[in-house]
Amino acid sequence: MRALAVFSLALTSCALVIEEQPNSKRAIDENDFVRVDGLRLRTDGGLYYITGLNYWACLNLAASESQGGNYSRLVLELDQMAAKGVNHLRIMASSEGAPTTQPFRMNPPLMNAPGQYNEEVFEGLDICLDEMSKRGMRATMTLSNEWQWSGGFAQYISWATNNTQIPYPSSWNMTKKPQRAIPRTGWGDYTTTTDGAALYGEFESFANQMYTNEIAEGFYKDHIRTVLSRRNTVNGRLYTEDPTIMTWQLANEPQSIDLISNKNSFYPWVQRISAFIRERAPKQLISVGLESKQGELVFKSVHNLSTVDYATSHLWVQNWGYYDMYDPTGLSLLIAQTFAKQFIKDTSRWAVDIGKPIFLEEFGMARDNWLNKNKEYPYLSSASTTHKDTYFKTVIGAVMDDFKKGGAYIGTSPWAYGGVWRPETQYMNEFGMVWAGDPPHESPGWYDLYDTDEAMNIVHRQQQEMSKYLETHNNGVRVP
Ligand SMILES: *[C@@H]1O[C@H](CO)[C@@H](O)[C@H](O)[C@H]1NC(C)=O
Ligand SMILES: *[C@@H]1O[C@H](CO)[C@@H](O)[C@H](O)[C@H]1NC(C)=O
Ligand SMILES: *[C@@H]1O[C@H](CO)[C@@H](O)[C@H](O)[C@H]1NC(C)=O
Ligand SMILES: *[C@@H]1O[C@H](CO)[C@@H](O)[C@H](O)[C@H]1NC(C)=O
């Protein structure tokens, strides 16, 4: 059905055929793997600067319609991102759930039970990678998750302990009050302890048994083995032989308390899992997925391992208390900008100290939501984005400057592409999903980047500026 749809579109639409030519010219060659060279990344085309975006739901959007996918939306959004010069997507290569009904997570999941896969969702991942490859986009493949929105650690622990109930922390429940008149259109609210929500600390303690529970680790390693040894059903490439896959990432934002204690189980886990991946995927890179918010010692302990190819950072000013989306004055914005610049400076220096590149693979800011404060929903897309645009220029500008001055930063990847989705027109599908840029445990629309947002032009100008820069600073090798 998918192939038919493409065929008929190509026949009836000239514009589509013309658009496809530059895409296919930029397609990734079968041996053009990304390599680390000191503080830089390189491909056959020369130095590689990442103009990335988070697009975590790619495997679900690319899945068949019967599994909640939407191929026309997928292709439209990939083309939109490619048109803005995006050359990298950070996507999920995992999601877990069931047999108990698990709320607040991607649905349907890739894995229904240990070793039991939804083949149509797996084919979604194949399609996603194939479509990315045609557009010259590389992938970070995230293999698990600290947080509940894809199942992740907590689901593995639940499976490993006789389906123990997961102590979910406060999460966005789309069916809570207030509800809109038309069923399945939201809005909803955060769950509270009254609804049975656990504290985040309790949830993390549960999830972080991942570093010591051998049964859960066995399930996780089996998953890694399965994904790495997969052959793409669209283009026939083995995943470990596909340079579209730049990086295997251990997990999204793994956390650990008591990080400086000798008894800590987190560092040995990073070492074990990264070595396990390296052995099976020697041509591709490995990153941990750390936010790098925990300071220099933790940063260096995690990223200095020989099986970790580059460092990562995530920068969350509102979540960390440095920004207030209801403050229209410039003060809150200024605090956010100041914090962000210092964070980029510090993490770059730490990465230089250990001689590895660093990738800012998550950051975001809300819209001017003080304008929505007294409206039906605080995250309406109608709010302007003056703070967000200023902040994006600051953050992306700081990373580009760092690169040009010989620092360790090698690119940015904002959170997260919502493309054509809007909260105002959202409708939950039969799996309870709306596929916003915000994941299922957070308020839809909070951090979304829409196709018409100025932030996408800021992303685009980054790519234009950096490719111009690389043309003259690339050891004589022209970037295609
Ligand atoms: C798929 O996405 C398009 C937008 O690209 C939308 O118009 C259409 O309604 C979606 N289809 C389904 C089944 O959700
Ligand atoms: C697992 O849970 C079920 C009920 O949920 C219970 O009947 C069974 O005894 C438990 N098994 C173990 C080994 O705890
Ligand atoms: C979400 O909210 C609805 C309505 O209040 C409630 O029935 C349901 O149990 C909630 N779901 C979770 C997982 O808390
Ligand atoms: C990083 O590891 C190397 C050995 O691989 C060691 O020589 C160096 O001191 C370490 N650096 C830091 C900052 O831990």
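Read the numbers this way: they start at 1 and go in the same order the structure lists the ligands and their atoms.
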Give me the ring orientation class for Trp187 and Tyr377: parallel if the planes are under 30° apart, tilted from 30 to 60°, perpendicular past 60°.
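Parallel.
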Indicate the ring-plane relationship of Tyr200 and Phe203, choosing parallel, tilted or perpendicular according to the 30° and 60° boundaries.
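Correct class here is perpendicular.
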Within a distance of under 4.0 Å, is there any protein heavy atom near atom 9 (O) of ligand 3?
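No, no protein heavy atom sits under 4.0 Å from atom 9 (O) of ligand 3.
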What do you think, any protein heavy atom under 4.0 angstrom from atom 5 (O) of ligand 3?
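At least one protein heavy atom is under 4.0 Å away.
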Show which atoms of ligand 3 fall inside a sub-4.0 Å distance from at least one heavy-atom site of Pro103.
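Counting atoms of ligand 3 from 1, those under 4.0 Å from Pro103 are 13 (C).
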Run the salt-bridge test on Arg278 and Asp309 with the 4.0 Å N-O cut-off and return the result as yes or no.
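Salt bridge between Arg278 and Asp309, a charged N being under 4.0 Å from a carboxylate O: yes.
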Between the side chains of Gln249 and Arg90, does any donor sit under 3.5 Å from an acceptor?
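Distance-only check passes for Gln249 and Arg90.
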Determine whether the side chains of Thr247 and Tyr310 contain a donor N or O and an acceptor N or O closer than 3.5 Å.
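Yes - a donor-acceptor pair under 3.5 Å links their side chains.
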Examine the proximity of ligand 3 to Phe104 and report which part, side chain or backbone, both or neither, has a heavy atom under 4.0 Å away.
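Looking at Phe104 and ligand 3, just side chain atoms fall under 4.0 Å.
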Under 4.0 angstrom from ligand 3, any heavy atom of Thr175?
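Within the 4.0 Å threshold, so yes.
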Could an N or O of ligand 4 be found under 3.5 Å from any N or O of Asn304, whether backbone or side chain?
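N/O-N/O distance under 3.5 Å: yes.
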Heavy-atom nearest neighbour in the protein, as seen from atom 1 (C) of ligand 2, with distance rounded to 0.1 Å:
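Answer, as residue, atom name and distance: Asn162 ND2, 1.4 Å.
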Among protein heavy atoms, which lies nearest atom 2 (O) of ligand 3, and at what distance?
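It is Asn173 ND2, 2.3 Å.
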Check: Tyr469 ring centroid to His473 ring centroid under 6.0 Å
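Between Tyr469 and His473, the centre distance is under 6.0 Å.
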Against Trp147, only a single residue in Gln255, Glu442, Glu253, His441 fulfils side-chain hydrogen bond (donor to acceptor under 3.5 Å, both in side chains); can you say which?
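Between Trp147 and the candidates, side-chain hydrogen bond (donor to acceptor under 3.5 Å, both in side chains) is satisfied uniquely by Glu253.
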N/O to N/O below 3.5 Å, does that happen between Thr191 and ligand 3?
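Min N/O separation from ligand 3 is not below 3.5 Å for Thr191.
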